[in-house]
Amino acid sequence: MKILVTGGTGYIGSHTVVELQQSGYEVIIVDNLSNSYKSVVDNIERISGIRPVFEKFDLTDQKKTLDFFQKYSNIKGVIHFAAFKAVGESVQFPLKYYHNNLQSLVNLLNGMEQSKVANIVFSSSCTVYGQPDELPVTEQAPIKKAWSPYGHTKQISEVIIENTSKVNSTKAILLRYFNPIGAHESSLIGELPLGVPNNLVPFITQTAIGIRKELSVFGNDYNTHDGTAIRDYIHVVDLAKAHVIAIDRMINTENKKKIEIFNLGTGNGFSVLDVINSFEKVSGQKLNYNIVDRRPGDVEKVWADTRFANEVLGWKAEKTLDNMMLSAWNWELALKNK
Ligand code: UD1
């Protein structure tokens with residue numbers, strides 16, 4: 001059974017490719033390598049023993065996308081990761097984000113329609129909720145005005161898929177990720193941020209290994225147990241496994257509606273200081289950090305109500321925060337020794 005994984009050499013994509021292969025799926029990766037490396041394909045093969053098919057092109061190119069669907073018949077489902085994801089950059093270059101994230105989705109949906117591929121799993125984000133009024137946040141929580149063009153592209157993408165499914169055979173599972181962190185236990189794949197990382201965990205591990213001088217903790221005056229902001233961190237392998245379940249569900253026509261939406265988190269909120277403490281404990285490293293002002297655009301606290309995913313998808317995140325931080329540290333150590 002062939003599955004197309006767009007963005008399959010990226011962070012979440014690569015972990016998902018491995019899980020799909022280990023569940024017996026044949027994977028075709030499409031990636032333009034704008035934020036990842038071809039060598040990820042070799043490392044996927046090292047883990048699974050199977051080399052995925054790799055096609056390098058940009059999904060914003062309509063002709064190339066339609067040609068791809070001509071070339072590969074019999075694709076059973078698509079998992080669409082390929083997108084830009086840097087919140088700050090999206091504020092600076094909104095059109096770059098709207099063009100890349102939306103044009104690629106439209107081309108993909110056209111290609112799927114042309115080839116009669118019905119099933120798509122889409123990478124959405126908890127950012128669609130903004131600062132929710134009630135915690136934990138359920139899938140029914142209202143979609144708030146987006147805080148960044150990046151977040152807006154996720155909201156619009158969800159609507160594009162929903163509207164498309166009303167007029168053709170498209171069926172979708174929209175997965176709203178909370179904060180994916182950590183790396184594969186093999187330390188062969190993980191997050192590879194280009195330049196200075198924006199996200200907390202790569203910044204922590206790069207600081208501990210000496211690439212960065214110190215971590216800035218953005219704000220300690222939030223209304224939380226220690227004053228620092230709270231997120232629902234989820235291990236990337238737990239997240240990857242949910243994609244396999246979502247694809248299985250659609251292929252086995254177990255989905256109850258044409259569009260289903262699930263939160264993917266652990267249901268636990270941890271503060272920035274909780275994350276630092278866990279890192280120091282599992283790595284044995286003392287982290288150099290400093291409290292600075294809040295980062296504009298950050299919400300105070302958000303964590304998932306995971307009951308719908310647990311009960312309906314039959315999926316539950318298993319790894320603890322310590323597991324996540326240890327795997328992130330092992331990955332940073334492996335990168336150093338490359
Ligand atoms: C953001 C987006 C999310 C997106 C993700 C991927 C929002 C609300 N969230 O998550 O949709 O999928 O990025 O790029 O837009 N922190 C520090 N110091 C640092 C870095 C982060 O203290 O150097 C803190 C932040 O203030 C935050 C927490 O760590 O409280 C997590 O930050 P980060 O890893 O950047 O993720 P989000 O902003 O939650």
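Numbering of ligands and ligand atoms starts at 1, following listing order.
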- [ ] Fit a plane to each ring of His80 and Phe122, take the angle between them on a 0 to 90° scale, and name the class: parallel (under 30°), tilted (30 to 60°) or perpendicular (over 60°).
- [x] tilted
Open item on the list: Any salt bridge linking Glu55 with Lys71? Criterion: basic side-chain nitrogen under 4.0 Å from a carboxylate oxygen.
Closed with: yes
- [ ] Write out the protein residues near ligand 1, meaning a non-hydrogen atom under 4.0 Å from one of its atoms, in order of chain and number.
- [x] Lys85, Val87, Ser125, Thr127, Tyr150, Asn179, Asn198, Asn199, Leu200, Leu215, Ser216, Val217, Phe218, Ala229, Arg231, Tyr233, Val272, Arg295, Asp298
Task: Test item: Gln131 side-chain N/O and Glu300 main-chain N/O as donor-acceptor pair under 3.5 Å - done: yes
Open item on the list: Can you tell me how the ring of Phe308 sits relative to the ring of Phe262, calling it parallel under 30°, perpendicular over 60° and tilted otherwise?
Closed with: parallel
- [ ] Specify whether Phe68 and Tyr72 have parallel, tilted or perpendicular ring planes, treating 30° as the upper limit for parallel and 60° as the lower limit for perpendicular.
- [x] tilted
Open item on the list: Return the CD to CZ distance between Glu139 and Arg176, rounded to the nearest 0.5 Å.
Closed with: 7.5 Å
